[in-house]
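What follows is a set of notes on a single structure, which appears directly below.
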There are 2 protein chains.
Amino acid sequence: MLRSRGLRLTAQRQLILEAVHDLGHATPEQVHNAVREVAAGVNITTIYRTLELLEELGLVTHTHLSHGSPTFHPVTDDQHVHLVCRSCKAVSEMDPALAEPLITALAKDRGFQVDIGHMALFGTCERCGDKS
Amino acid sequence: MLRSRGLRLTAQRQLILEAVHDLGHATPEQVHNAVREVAAGVNITTIYRTLELLEELGLVTHTHLSHGSPTFHPVTDDQHVHLVCRSCKAVSEMDPALAEPLITALAKDRGFQVDIGHMALFGTCERCGDKS
DNA sequence: CTAGGTGCAAATAGTTTGCAACTAC
DNA sequence: GTAGTTGCAAACTATTTGCACCTAG
């Protein structure tokens, strides 16, 4: 798959892709930590470069979940929309089917194609909502 | 309004709030530039501190629109959802009413209260979609 | 007068880039 | 062998913090 592009399959790339899959969604730094547990010497720079590459290949995507760093997640499994609680920072996922009507309406009315993989909703989760 | 909190009304604060209203949505840096046109000496630090303050007071909010810096916009006018084209970077707005069903469903099914002001959808706008 | 604000400089955090050493193919 | 990769250090950009000076009330 990499080879078909004239690119090389290296240990680092495998580890990083694996880490993204294991973590589900993670910042570059979290990926770095995960990878380091297996191969200590891997540099953060490589994480960035590889994530960018994997994204180009369509193997992962990223979303911006409030706090600075972007969050990467594998593309393979079904699309999912992130729900981020701004109080407890928990990230959960929802079925994109719920957003279907909205997405269809936007495409029809304005010709805007929503990228579901990058979609994130901020708000307050049940637990935090109860407290307040 | 500020005074009721024991805070002071300064020229900088007025200018910054005004800039956010004028710009509609802008990054801290854009606000800085706008403010500087009127009062050259204002420091970027003050922009950050004031935006944070204004957010606490509920006068502005911010959203994360892909690229690093957050985007601030006034809270006063009706809520609006941002549509960000990942190709041409254009930011437009949509009527939050379109998202109502989704929001209601989430509240009912999972108790998740979506913060509409922070909502942003990424994708491809009509113009860029045509080209590809 | 004095608590709250501001500017400045330095510290941090996150990300990118140049380059020499390294290795998959 | 060689082009693609990586690690390291340095450069950047975005944001935060400490502190002395300043000013609205």
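In what follows, chains are A, B, ... by sequence order, proteins preceding strands, each numbered from 1.
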Practice problem: Determine, using the 4.5 Å side-chain heavy-atom cutoff (strictly less than), whether B/Phe72 and B/Leu54 are members of one ILVMFWY cluster. | Solution: yes

Quiz item: Among residues 8-17 of chain A, which contact DNA chain C at a heavy-atom distance under 4.0 Å?
Solution: A/Arg8, A/Leu9

In residues 103-112 of chain B, what donor-acceptor pairs under 3.5 Å come from side-chain atoms, sequence neighbours left out?
from, atom 1, to, atom 2, distance (Å)
B/Thr104, OG1, B/Glu100, O, 2.8
B/Thr104, OG1, B/Glu100, OE1, 3.1
B/Arg110, NH2, A/Glu93, O, 2.2

Quiz item: Does the B/His118 side chain pair with the main chain of B/His62, one donor and one acceptor, at a distance under 3.5 Å?
Solution: yes

Exercise. Give me the ring orientation class for A/His82 and A/His73: parallel if the planes are under 30° apart, tilted from 30 to 60°, perpendicular past 60°.
Key: perpendicular

Exercise. Could you list where the contact with chain A starts and ends along DNA chain C, reading 5' to 3', using a 4.0 Å heavy-atom cut-off?
Key: C/dG14 to C/dC25

Quiz item: Where is the tightest heavy-atom contact between A/Ala19 and A/Val31, given as atom of each residue plus distance?
Solution: CB-CG1, 4.1 Å

Quiz item: Which residues in residues 36-63 of chain A have at least one heavy atom lying under 4.0 Å from any atom of DNA chain D?
Solution: A/Gly41, A/Val42, A/Asn43, A/Thr45, A/Thr46, A/Arg49

Distances for protein N/O vs nucleotides 11-13 of chain D N/O pairs under 3.5 angstrom?
none

Quiz item: Taking five pairs at each end of the helix from C/dC1-D/dG25 to C/dC25-D/dG1, what angle separates the two helix axes (nearest 10°)?
Solution: 30°

Quiz item: Is any side-chain heavy atom of B/His25 less than 4.5 Å from a side-chain heavy atom of B/Thr63?
Solution: no

Exercise. Answer yes or no: does atom CD of A/Glu52 have more than 12 heavy-atom neighbours from other residues, nucleotides or ligands under 6.0 Å?
Key: no

